[in-house]
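Each chain gets a letter, A, B and so on, in the order its sequence line appears, and its residues count up from 1. Every value quoted in this text rests on a predicted model; they were computed, and no experiment measured them.
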There are 2 protein chains.
Amino acid sequence: MGHTRWLNDEEKRAWTAFTTAHALLYRRLEQRLKRDFGLSGLQYEIMARLSGAPDREMRMAELAGALVNSKSGLTYQIGQMEKSGLVRRRSCPSDDRAVFAVLTDEGMALLERAAPGHVETVRELLFDVLTPGQVRALADGLGEAARRMAEGPGATRAADDGSGCSGVGAEATADLGA
Amino acid sequence: MGHTRWLNDEEKRAWTAFTTAHALLYRRLEQRLKRDFGLSGLQYEIMARLSGAPDREMRMAELAGALVNSKSGLTYQIGQMEKSGLVRRRSCPSDDRAVFAVLTDEGMALLERAAPGHVETVRELLFDVLTPGQVRALADGLGEAARRMAEGPGATRAADDGSGCSGVGAEATADLGA
DNA sequence: GTAGATTGATTCAAATTTGAACGCTAGATG
DNA sequence: CATCTAGCGTTCAAATTTGAATCAATCTAC
């Protein structure tokens, strides 16, 4: 392997902008969610994902894959949210291994209260700053990068077996600003 | 406050692409760093930042601000890295409150070994996928967003007093792919 | 100068995250 | 059918992160 292809100045700018913007934005969103609704960012994302899925439910592994989170971490958070009544577990009749996380009515209600402010913040801090062309570049460029990383080698398999328990095709983008 | 300005389809695509690409990429980078060098992502970033600063040192608060991390979290990590000899603390003669984190020669050497693979991964998974126009859009659009969030209201102050202890202007972008 | 307010960093307990086992079931192979 | 492999979710201990105190030192206004 020859010489490293270092980043040029514009790539360095892009890289720091990417990581810094993400960190700052995510931090703001978390602060707001915690302060106003006692929710963590992950909890919001879980609810947003579930809200967009058929019957408002997803299998644990599928959900973990969609959120890019570890399985054990998801188990923990679903446990917390179950205590709070935001989510409920349901086991799958046809496959005793599978567990579904289901968004409760209470969870849905909280999500609907939290979503407006959340989305508004994303808009103010991100989309109001970007030109339409830049929005498209994000969607296209980063979308393609994400797709390749999700499939390509090294991806933590989330193997989508089309088992009889239903199951969503991976691309369910929630309406409530997942 | 009237109605919520929800995200349109392209904005939703951009938002999920942004968050998902970041999560996937960051996870890959962390796995690689941990496996090959026993480093966490944060530790790498700390070293990369320090390596680009004058005298390879920064004040704790300044560093925390640059990394978008809590002060207490940084205290912990610097403690860990000090044990490993990657970093060393130095107190400021003219201000007894201030503490500098200094990258040691050993730390610098490790960074130089880790950087090529790190940067190469970023290139493969991100920049090789993006068009030059998309790179520019990231740099410009997200750069502007980051700038506003860093300054605008709600920013966790990192007040840059130009005290006699030296101190870097906030924008030191490290060469080693911070 | 001195009280009072601010800033810099650390400490501490609680919450969360991580990754490697573990137990269990479904599906494949013989 | 018996066994073997692989997938799913959980558990567990260790590591990390968080945020609210805390302690000390600087700066401000009297």
Side-chain angles (χ1 to χ4, degrees), chain A residues 23 26-27 30-31 33-35 38-46 57-65 67-84 87 89-101 156-165 167, chain B residues 23 26-27 30-35 38-46 57-84 87 89-101 156-165 167:
Chain A
Y26 205 76
R27 161 192 286 243
E30 286 220 298
Q31 284 177 345
L33 286 170
K34 180 68 79 185
R35 172 167 58 81
L39 289 171
S40 72
L42 180 54
Q43 291 175 331
Y44 182 90
E45 288 182 83
I46 288 171
E57 65 180 15
M58 281 196 229
R59 295 175 55 149
M60 296 294 285
E62 184 189 6
L63 191 49
L67 298 169
V68 194
N69 250 292
S70 68
K71 284 183 302 178
S72 61
L74 184 61
T75 293
Y76 173 78
Q77 272 301 345
I78 291 292
Q80 296 301 103
M81 295 173 73
E82 206 170 19
K83 286 183 200 162
S84 319
V87 146
R89 279 179 224 253
R90 176 174 86 72
S91 53
C92 175
S94 66
D95 185 345
D96 283 339
R97 293 172 304 180
V99 172
F100 281 87
T156 306
R157 277 280 158 264
D160 188 23
D161 62 13
S163 78
C165 271
Chain B
Y26 205 77
R27 161 192 286 244
E30 286 221 298
Q31 283 176 347
R32 191 189 178 81
L33 285 171
K34 179 69 78 185
R35 172 168 59 79
L39 289 172
S40 72
L42 179 54
Q43 290 174 331
Y44 181 90
E45 289 182 83
I46 288 171
E57 65 181 15
M58 280 196 230
R59 294 172 57 150
M60 297 294 284
E62 183 189 7
L63 191 49
L67 299 169
V68 194
N69 250 296
S70 67
K71 284 183 303 177
S72 61
L74 184 61
T75 294
Y76 173 78
Q77 272 302 345
I78 291 292
Q80 295 301 102
M81 297 173 72
E82 205 170 20
K83 286 184 198 163
S84 318
V87 145
R89 279 179 225 252
R90 176 174 86 75
S91 54
C92 176
S94 67
D95 185 345
D96 283 338
R97 293 171 306 178
V99 172
F100 281 87
T156 306
R157 276 277 158 268
D160 188 22
D161 61 12
S163 79
C165 270

Residues which pass side-chain contact (heavy atoms from CB on, under 4.5 Å) with A:Glu82, listed by chain and number, not counting sequence neighbours: A:Arg89

OH of B:Tyr26 versus C1' of C:dT18: gap in Å, rounded? 14 Å

Could you go through residues 69-81 of chain A and list every donor-acceptor pair under 3.5 Å that involves a side-chain atom there, pairing it with any protein atom two or more places apart or in another chain?
from	atom 1	to	atom 2	distance (Å)
A:Ser70	OG	A:Gly73	N	3.1
A:Thr75	OG1	A:Lys71	O	3.2
A:Gln77	OE1	A:Gln43	NE2	3.1
A:Gln80	OE1	A:Lys83	NZ	3.3

Which is more 5' along DNA chain C, the nucleotide nearest A:Leu42 or the one nearest A:Asp96? Just name the residue. A:Leu42

I want to verify a distance call: between C:dA26, D:dC8, D:dT26, whose nearest atom is closest to the B:Asp95 side chain? D:dT26

Specify the closest pair of heavy atoms between A:Gly41 and A:Leu33, including all atoms of both residues, with the distance to one decimal. CA-CD1, 4.1 Å

Please check the phosphate of C:dT10 (OP1 and OP2 only) for any side-chain N or O of B:Arg89 closer than 4.0 Å. yes

A:Arg90 CZ - D:dG9 P separation (whole Å): 12 Å

Among residues 71-84 of chain A, which residues get a heavy atom nearer than 4.0 Å to DNA chain D? A:Lys71, A:Ser72, A:Thr75

One would report the end-axis bend of the helix from C:dG1-D:dC30 to C:dG30-D:dC1, five pairs per end and rounded to 10 degrees, as 20°

Starting at atom CG of B:Leu39, determine the distance to atom P of D:dT16, rounded to an integer number of angstrom. 11 Å

In whole Å, what is the span from the CZ atom of A:Arg35 to the C1' atom of D:dG19? 15 Å

Closest non-hydrogen atom pair between A:Ala101 and A:Val87, with its separation: CB-CG1, 4.5 Å

Heavy-atom nearest nucleotide on DNA chain D for A:Val99 versus A:Lys34: which residue maps closer to 5'? A:Val99

B:Arg27 CZ - C:dG19 C1' separation (whole Å): 11 Å

Can you measure from CG (A:Leu63) to CZ (A:Phe100) and round to the nearest 0.5 angstrom? 11.5 Å

Picking from C:dT6, C:dT10, D:dG7, which would you name as closest to the side chain of B:Met60? C:dT10

How long is the gap from OH on A:Tyr44 to NZ on A:Lys34, to the nearest 0.5 Å? 15.5 Å

Whole angstrom is fine here: how far is it from CD in A:Glu62 over to P in D:dG9? 9 Å

Which distance, rounded to the nearest 0.5 Å, do you find between the CD of B:Glu30 and the CG of B:Leu42? 8.5 Å

In Å and rounded to the nearest 0.5 Å, what is the CE to CZ distance from A:Met60 to A:Arg97? 15.0 Å

Could you work out which one of D:dA24, C:dA9, D:dT18 sits closest to the side chain of B:Asn69? D:dT18

CD of A:Glu45 versus P of C:dT17: gap in Å, rounded? 11 Å

Round to the nearest Å and state the distance from B:Arg97 atom CZ to C:dT6 atom C1'. 8 Å

